[in-house]
Colleague: 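Sharing a structure here in structure tokens format.
In this text the structure is predicted, and so the values were computed from the model without any measurement. Protein chains get the first letters and strands the later ones, always in sequence-line order, with residue 1 at the start of each.
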Amino acid sequence: MKLSDCYREIWAVDTEYIALDGNAPIPVCVVAKELISGRTARLWQNQLAEPFYRPTGDVLVVAFMAAAELAIFRQLGWPIPSRVLDLYVEFLRLTNGPAAQNALLRPYGVGLLGVLEFFGLPSIDHAEKTAMRNLIMRGGPWTEVERLAILNYCETDVVALERLLPAMEQRIIGDFETHGQALLRGRYMSAVAGMEIRGLPVDCDLLRRLNTHREAITAGLIDELNRQYGVYVGGSFNEAAFDEWVCRSGLEWPRDSSGRLNLQDDTFKAMEGVAPALVAPLRELRKTLVQLRGKGLQVGIDGRARTSIRPFASVTGRNQPSNREFVFGLGKWARSLLKPAEGMAIAYLDWKSQEIGVAACLSGDEVLWASYNAPTDPYLDFAIKAGLAPPNANKSTHKAIRQKAKAIVLGVNYGKGAKAIALETGMHEIEATTLLELHQRTYRVFWGWVKATVNAGLMGDSIRTVFGWSWRAAWLPQVDGKGKALQLNERALLNWPMQSNAAEMLRLACCLIDEGGIRLLAPVHDALVIEAPTAEIDAEVTRAVALMGIASAVVLGEGRVLGVDQYVVRWPNRFIEPDNEAAEEMRLRILCLLSRMESQP
DNA sequence: TCTATATCACCC
DNA sequence: AAACGGGTGATATAGA
């Protein structure tokens, strides 16, 4: 099958735009070449009133990282193309191996130039690309010569796409199914574009105050504590100084095999039990300092925080936005920086126990599916089915056993072992082993599915999601980029189908919600954020939840609708993480430090 | 003094 | 030998 047999027009497209920190992109030019007829459209800023394409099913738009192009189309008010093929995403899919080896599998990187090189195709050099990007980012007005240079540069990427497409075409669209799946990924890029344009509404005043005083607060806290402890040297935590303090204090602090002190919060917590008055202030400071990070948010002049969603960036196909630029990647207290604009509301909608539901349906384990839908919850229902609790048990009557069952049910999805579960819950390793065995006996179909997937992966097969995102875990010899031996991680193979199919569900929901005209703001792995005027938010939540249900049923099968938790914030309120005392405590602590700092000269 | 590596904490 | 999946990023120390 050839693409040119499937479409009347195939447009290779590249755009140039100005993207200033935190602001939506401003179009500079668009160049597109129709690959069947060979005609080229070179459109400068002032020629962008009308799209060069028809948004119909017989027109294919080909791009590299199409979210950028689609963002420009959206900014221009152009209709969304109904068929999009993103060669960036397809390259990621075709070269998707173990995370530690992906650098080897993509020796020239994942940029357009690197991908051209990967296929042995000619391209312009990096220096030229950088120079042109700088010229564009400098902003207008551009001279006539510069304008021509920018258009020509834009066209070089279009020509590159024209060369790249035949090199990748057969592997992308081998048959109708893979063709359609590639288009589904392209379709998602438009939802991504929408989210990247809209950004998240931020309380700019609070953020500005925090940014102004962050360093002074940090320094003040360190000084205050250090008078007694002396473990910070030059504003930095010093291991040697801490070692001395530990010796002075006469504490038996845990160390690793080479004698280095263990500095994990867990260890601090344990030592706090031994010597609360000594350890607690230090532990609190260390936690607070970590939480005070977060000056990376890029906020546009409209008060919206924007960052790249980085779709498909992980081996499971999850989005991977920068943790420092993405509000939901910061500590949870920082979500209180989210504040709807006047008259607006935002809603955080997350699937309940999404990966358990995915596992139940895709494995075909009706017992696990029954547990997922149990009137109690999946954890207690496991305890009941395994004979650990009576059929009438509930959360309050069997709290302790529910906690244990929860650790097992959640841990199983990650391939967690008895030792780790015992450590986490405080139960004996033998008990954890017993419970894990009970899980295997209770959910036999699930375990058969897991083992078949792991075996296929170990044999070198690609494993794949319902929509064809794929991963080959055993591909190259098991060494990393430096020749260091790698062990193929069976637990990664075990978890991959749940995480990656959950990611498919999220992407489809994003498509349906965005296309349904709901203002979609952000994806958060098993959740998404929408926005609406306060008067409309309840209705929009209802619509969005229904669409999440459809996405669930499309991925998991007829009638397999996963539940959704809802959290709505209406102006003038801000986002307060529900049922999270730690986050709220940290928020109040930081606000307190902030106002104290502001009241001092 | 700059960079690489290890450790740790955060998110789902 | 150990055994918690996928990530990003800040920080401190070691190394060049």
Colleague: Which listed nucleotide (dC4(C), dG5(C), dG7(C)) is nearest to the side chain of Lys416(A)?
Modeller: dC4(C)
Colleague: Closest to the Asp526(A) side chain: dA9(B), dC12(B), dC8(B)?
Modeller: dC12(B)
Colleague: For Asn489(A), report the nucleic acid contact type (base, sugar-phosphate, nothing); a contact means any heavy atom under 4.0 Å.
Modeller: sugar-phosphate
Colleague: Angle between ring planes, Trp449(A) versus Phe446(A), binned at 30° and 60°: parallel, tilted or perpendicular?
Modeller: tilted
Colleague: When you compare dA3(C) with dC8(B), how far apart are their P atoms, in angstrom units rounded to a whole number?
Modeller: 14 Å
Colleague: In whole Å, what is the span from the CG atom of Asn319(A) to the P atom of dT8(C)?
Modeller: 12 Å
Colleague: Can you check whether Gln264(A) has a side-chain N or O nearer than 4.0 Å to OP1 or OP2 of dC8(B)?
Modeller: yes
Colleague: For a 4.5 angstrom cut-off between non-hydrogen side-chain atoms, does Leu289(A) reach Thr218(A)?
Modeller: yes
Colleague: Of all heavy-atom pairs between Leu528(A) and Met548(A), which one has the smallest distance, and what is that distance?
Modeller: CD1-SD, 4.2 Å
Colleague: For Ala99(A), report the nucleic acid contact type (base, sugar-phosphate, nothing); a contact means any heavy atom under 4.0 Å.
Modeller: sugar-phosphate
Colleague: Phe326(A) vs Phe328(A) aromatic rings, parallel, tilted or perpendicular, using cut-offs 30° and 60°?
Modeller: tilted
Colleague: Any side-chain N or O of Asn413(A) below 4.0 angstrom from OP1/OP2 of dC4(C)?
Modeller: no
Colleague: Kindly say if Arg324(A) contacts the phosphate of dA10(C), meaning a side-chain N or O under 4.0 Å from OP1 or OP2.
Modeller: yes
Colleague: Tell me every residue that passes ring pair (Phe, Tyr, Trp, His ring centres under 6.0 Å) with Trp333(A), counting only those two or more places apart in sequence or in another chain.
Modeller: none
Colleague: Return the value, rounded to whole Å, for the distance between atom CD of Glu355(A) and atom P of dC4(C).
Modeller: 17 Å
Colleague: Check this one for me: any side-chain N or O of Arg318(A) less than 4.0 Å away from OP1 or OP2 of dC11(B)?
Modeller: no
Colleague: Among the candidates dT8(C), dG6(C), dC11(B), find the nucleotide nearest to the side-chain atoms of Lys332(A).
Modeller: dC11(B)
Colleague: Would you classify Glu490(A) as touching base, sugar-phosphate or nothing, given that sugar-phosphate means primed atoms plus P, OP1 and OP2, and contacts are heavy atoms under 4.0 Å?
Modeller: nothing
Colleague: Checking Ser371(A) against Tyr443(A): is there a side-chain donor and acceptor pair closer than 3.5 Å?
Modeller: yes
Colleague: Within the pair Lys419(A) and dC4(C), is there a side-chain N or O less than 4.0 Å away from OP1 or OP2?
Modeller: no
Colleague: Please check this pair: side chain of Asn319(A) against backbone of Val524(A), looking for a donor-acceptor N/O pair closer than 3.5 Å.
Modeller: no
Colleague: How do Asn102(A) and Ile421(A) order along DNA chain C: which one's closest nucleotide is nearer the 5' end?
Modeller: Ile421(A)
Colleague: Would you give a per-nucleotide map of nucleotides 11-16 of chain C, 5' to 3', where B means the base has a protein non-hydrogen atom under 4.0 Å away, S means only the sugar-phosphate does, and - means neither?
Modeller: -SS---
Colleague: Whole Å only: how far is the CG atom of Asn323(A) from the P atom of dC8(B)?
Modeller: 19 Å
Colleague: Provide the full list of side-chain hydrogen bond (donor to acceptor under 3.5 Å, both in side chains) pairs with a residue in residues 401-426 of chain A, sequence neighbours left out, each pair given once.
Modeller: Asp377(A)-Arg402(A), Lys404(A)-Glu431(A), Lys416(A)-Glu424(A)
Colleague: CG of Leu297(A) versus P of dG9(C): gap in Å, rounded?
Modeller: 12 Å
Colleague: On a whole-Å scale, what distance lies between the P atoms belonging to dT7(B) and dA2(C)?
Modeller: 16 Å
Colleague: Just the rounded figure in Å: distance from C1' of dG5(C) to NE2 of His525(A).
Modeller: 12 Å
Colleague: Indicate, with a heavy-atom threshold strictly under 4.0 Å, whether Leu494(A) touches base, sugar-phosphate, or nothing.
Modeller: nothing
Colleague: Whole angstrom is fine here: how far is it from NZ in Lys287(A) over to P in dC8(B)?
Modeller: 14 Å
Colleague: Which heavy-atom pair separates Tyr229(A) from Pro281(A) by the least distance, and what is that distance?
Modeller: OH-CG, 3.4 Å
Colleague: Grab the CD1-C1' distance between Ile408(A) and dC4(C) for me, whole Å please.
Modeller: 13 Å
Colleague: When you measure from the side-chain N and O atoms of Gln354(A) to the phosphate of dC12(B), is any distance below 4.0 Å, counting only OP1 and OP2?
Modeller: no
Colleague: Does a side-chain N or O from Ser322(A) land closer than 4.0 Å to OP1 or OP2 of dG9(C), or not?
Modeller: yes
Colleague: Can you measure Asn495(A) atom CG to dA3(C) atom P for me and round it to whole angstrom units?
Modeller: 18 Å
Colleague: Under 4.0 Å, counting only non-hydrogen atoms across every strand here, what does Gly415(A) touch: a base, just sugar-phosphate, or nothing?
Modeller: sugar-phosphate
Colleague: Could you please name the option among dC10(B), dG6(C), dC4(C) that lies closest to any side-chain atom of Ser314(A)?
Modeller: dG6(C)
Colleague: Which listed nucleotide (dC10(B), dG5(C), dG7(C)) is nearest to the side chain of Gln320(A)?
Modeller: dG7(C)
